[in-house]
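Okay, structure first, notes after.
All chains are named by letter (A, B, ...) in the order of the sequence lines, taking the proteins before the strands, and each is independently numbered beginning at 1. Nothing here was measured: the structure is a model prediction, and the numbers come from that model.
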2 protein chains.
Amino acid sequence: MTLKDLAKIAGVSISTVSKALNNSAEIGQKTKARIHDLANLYNYQPNNLAINLKTGKTKTIGVIVPSIQNNFFAKVIIGIEEVLNASNYNIIISITNESQEKEVAIVKTLSNGVVDGFLVAVGEETQVNQHVEHFNYANKRNKPIVLFDRVIKSLDFNKVIVDDKGIVNSVVKNLVKQDKKAIALVSAIYNLSVGQSRKEGYLDAIKGQQEAIVLEANVEDLERELKTLLDNTTVDAIVAADEDAALLALRVAKAKGLSMPRDISIIGFAPTKLAENVSPQLTTINQHGIDIGKKAAQLLVNKLEDSTLDPQRVIVNSTVVHRETT
Amino acid sequence: MTLKDLAKIAGVSISTVSKALNNSAEIGQKTKARIHDLANLYNYQPNNLAINLKTGKTKTIGVIVPSIQNNFFAKVIIGIEEVLNASNYNIIISITNESQEKEVAIVKTLSNGVVDGFLVAVGEETQVNQHVEHFNYANKRNKPIVLFDRVIKSLDFNKVIVDDKGIVNSVVKNLVKQDKKAIALVSAIYNLSVGQSRKEGYLDAIKGQQEAIVLEANVEDLERELKTLLDNTTVDAIVAADEDAALLALRVAKAKGLSMPRDISIIGFAPTKLAENVSPQLTTINQHGIDIGKKAAQLLVNKLEDSTLDPQRVIVNSTVVHRETT
DNA sequence: TTGTAGGCGTTATCAA
DNA sequence: TTGATAACGCCTACAA
C-alpha cells in the first residue's frame, strides 16, 4: 500500500494524498478526513526508506560498542535508549568485539544514509593505533559523533567520560589517610586506556607516600603474581582496576585466610549484582553508566538539532559504594 | 559524492558508472579500471538508502528483546551477531522494556523498509495478553520473524526455545533419586511464561513423589516466605527458577547456617560469572544463550534465502553445571 | 483546493 | 560497449 495505490483508490493525485496525510493546510477538511479514513482502512504505512531518501534524515542513531556482555556498556545503552526514545530516534546497536576492521566497516555503512549520527565507545584496537579516519569520514558526511567512555584524545568531538583517574586517585588517597602502608593496584585491563587512567590515578596518589605496587597481567598470570605478592609481602589494601581483577583479589585473599577489611581492604570496579553477592561483599567504584548514556545521547540530540554547537567534554563522576571489604 | 558526480568527472553516463562499479560484464576493462580509480580517489560510497529503496532489501535484521541487562539476552545477541555478521547482515537491536506499546511501535516502524526480517523475544505484556497483530502485520509485509525464548504458541513462525520444562523436570527427578525428601521451587518470575514452564517441570517431577513446595513472589516477599519456610520445615533441596531467586536461596540458607550441599542443595538459573563467584559456588542450569542466538539467526537467514521454507520449532537443550551447592 | 512534475541516488531495461 | 530512461516511494515547488 503506497501513496500511489491510495491515490488511485481515493481518485485523487498522489500529492493530494501526501499532503492530506501530512495534514497540510492546502487540503480541504473533507478530503483530508476521507483520505485519513482510507489510509486507516487499508492500513497504509509510509515507506521509511523513501522518506529518508527524500529528507536526508533517518531519525536513527548508531550506537557502537566494543561489547555488549559488559555490564557497563549494557547500562550505558539503557541510558541512551531512554533519551533517544523520548526524542523519537531509533537506535541501531552494533558490536565491534574490539575489532577495528569491524568498527570501520560499521561506521562506513551506517554513515551512508542509515543513521543521522553516532554514539561510540571506541574499540581496543582503535584506541591503541589511533586510526581514526573512519570517524572523520562520518563527521565530514555530517554525521555527528559523540564519544563516550572509550574516547580518542585527538578527536574534537563531543565526549562523555568517566573520571577514572580522579576517582582512583581519591580512593587511594583515602586509603593512605586510613594509614594503609602498602596499597597495591591490580589490573587485567592494562591495555585499555581506562586501565591506564586508573593506574595513573593510583600512581599519582601513591607518589611520595609509599612504594607503588602494580600488578598488570591477564587474569591467569595475575592470579599467580598476586599469590606471590601476598606470600612475600604484607599488603594492606588492594585497588582493582576491573571486575576480573577485583574478583581475583577477593578470591586470593580469602584463600590466604585474610579477613577483610581487618587484614586487607579491597576496592574494585564491578557491577552491583556481583559486588553484593560475593562474600565478603565488595566495596566498589560505581560508574553510573546510565547517566553516561543519557548525557551522551543528549549531547548528540542537541548537536543534531543545532549543528553549530561546539563540542563539549563532559565528565560523569563515579562514586564509591562501601560494602564489607573496606 | 554520488554516481552523478562521478559520472560528470569521468565524462561518462551515470549508468556506465553504476555498471562499472558493480563489475558488470557490459563495461570495458579500461573504463572499469578508470572508474574504479576515480571512485577510490574521491572516496565514493553508495547511498544505502537509495540501494535499499531500489532493491527492496536492506540486508539488515531487527533484533527485538525485552531487556539488554539480562545476561541471557546479551548472550543470545552475541550468537546472533556471529551468524548474521558472517552472512553480511546488519543488525538493529531494539529494547522493549517489556512494554507492548513499544514492541508494536518498533515492529511497525522497522517493517516499513528498515529491515528484512526479525528476531524477537516477546515482551512480558505481549506474552500475557497474546496481542500479536503487529507480528502478523510484519509477516504479511514479507518480513519473516523468528521467535526465540519468549515465544507465542499461536504464532506459526520459526521458533527457537529452551526446554525449560524438561531440564527442570530432570533436575528435580534427579534430586528425588538422590533421596531428597523435601524439594522446594522458588521463583521470582512466576509472571513469565519461562517461569511457568519451569514450574511445570518441577510439578511434573514431584507429582506422586512428595508434596510440592512452591514459593512464588517478588524478590522482597520471596525472602520473607523463604525464611519462614526454612524456619518451620526442613527442606532438602531448592530449585530456583531465576537468578534472583537463586541468589536469595543461597543467602537465606547461609544466614541460617545451613551447609551446602550437606544440609541443603541449591540449583538455580544464573550466569556463570555470578555462579562461580558466590560462595559456595552455585550449581546452575546453563541455557546456552549463544547457541540459541546462532540457531535463531540461521533460521532467519535460511528463510530469507528461501521463503518457501516451512517454520521449524527448534529446542536448544540446557545443561546442568555442577558446582558446590549440589 | 487540487494536480503536475521534478528530484532524492540507485538499478535495470532497452536502444544506440 | 555505452547511454537514455523509467522506476523505487515519497515530498514539494509551482501551476492550474
Side-chain angles (χ1 to χ4, degrees), chain A residues 1-39 42-60 108-116 141-143, chain B residues 1-36 38-39 42-60 90 108-116 141-143:
Chain A
M1 181 60 41
T2 69
L3 282 188
K4 198 202 259 179
D5 301 331
L6 223 44
K8 196 176 298 171
I9 294 170
V12 296
S13 78
I14 295 179
S15 56
T16 301
V17 178
S18 172
K19 286 170 187 167
L21 292 180
N22 288 322
N23 249 309
S24 160
E26 295 181 16
I27 305 296
Q29 279 310 321
K30 48 217 154 72
T31 317
K32 261 191 205 170
R34 195 167 60 89
I35 290 179
H36 269 113
D37 289 349
L38 239 30
Y42 289 97
N43 204 357
Y44 166 78
Q45 295 289 137
N47 181 314
N48 291 307
L49 240 34
I51 296 179
N52 296 343
L53 177 59
K54 183 68 197 175
T55 62
K57 292 269 155 262
T58 67
K59 268 286 182 180
T60 112
K108 292 217 167 176
T109 338
L110 298 189
S111 288
N112 289 97
V114 185
V115 304
D116 290 344
R141 272 174 178 57
N142 246 310
K143 309 297 171 196
Chain B
M1 183 60 41
T2 68
L3 283 187
K4 198 201 257 178
D5 300 331
L6 224 44
K8 196 176 298 172
I9 294 170
V12 295
S13 78
I14 294 179
S15 50
T16 301
V17 177
S18 172
K19 286 170 187 165
L21 292 180
N22 287 321
N23 249 309
S24 160
E26 294 180 16
I27 306 296
Q29 281 309 322
K30 46 220 156 70
T31 317
K32 262 190 205 172
R34 195 166 60 90
I35 291 179
H36 268 114
L38 239 31
Y42 288 96
N43 203 358
Y44 166 78
Q45 294 288 136
N47 181 314
N48 293 307
L49 240 35
I51 295 179
N52 295 344
L53 178 59
K54 187 65 197 176
T55 62
K57 293 267 155 264
T58 66
K59 269 287 182 180
T60 112
N90 291 319
K108 291 216 167 178
T109 338
L110 298 191
S111 289
N112 289 97
V114 186
V115 304
D116 290 343
R141 272 173 177 58
N142 245 310
K143 309 296 171 198

With B:Asp5 via side chain to side chain donor-acceptor pair (under 3.5 Å) - residues at least two apart: B:Thr2

Non-neighbouring partners of A:Asn142 that pass side chain to side chain contact (heavy atoms under 4.5 Å, CB included), sequence neighbours left out: none

Side chain to side chain contact (heavy atoms under 4.5 Å, CB included) against A:Asn43, all qualifying residues, sequence neighbours excluded: A:Gln45, B:Lys108, B:Tyr137

Side chain to side chain, B:Leu110 and B:Lys143, heavy atoms closer than 4.5 Å: no

Side-chain donor-acceptor pairs of residues 25-33 of chain A under 3.5 Å, sequence neighbours excluded:
unit_1	atom_1	unit_2	atom_2	d
A:Glu26	OE1	A:Lys19	NZ	3.0
A:Lys32	NZ	A:Asn23	OD1	3.4
A:Lys32	NZ	A:Ser24	O	3.1

Angle between terminal axes - the helix from C:dT1-D:dA16 to C:dA16-D:dT1, 5 pairs each end, rounded to 10°: 50°

Side chain to side chain contact (heavy atoms under 4.5 Å, CB included) partners for B:Ile14, two or more places apart: B:Leu3, B:Lys4, B:Ala7

Side chain B:Asn48, main chain A:Gly113, donor-acceptor under 3.5 Å: no

Side chain to side chain donor-acceptor pair (under 3.5 Å) partners for B:Ser111, two or more places apart: none

All pairs passing side-chain hydrogen bond (donor to acceptor under 3.5 Å, both in side chains) where residues 49-60 of chain B contributes a residue, at least two apart: B:Thr58-B:Asp116

Contact state string [nucleotides 9-16 of chain C, B base, S sugar-phosphate only, - no protein heavy atom under 4.0 Å]: BBBBBB--

Where chain B begins and ends its contact with DNA chain D, read 5' to 3' at 4.0 Å from heavy atoms: D:dT1 to D:dG9

Side chain to side chain, B:Tyr44 and B:Val17, heavy atoms closer than 4.5 Å: no

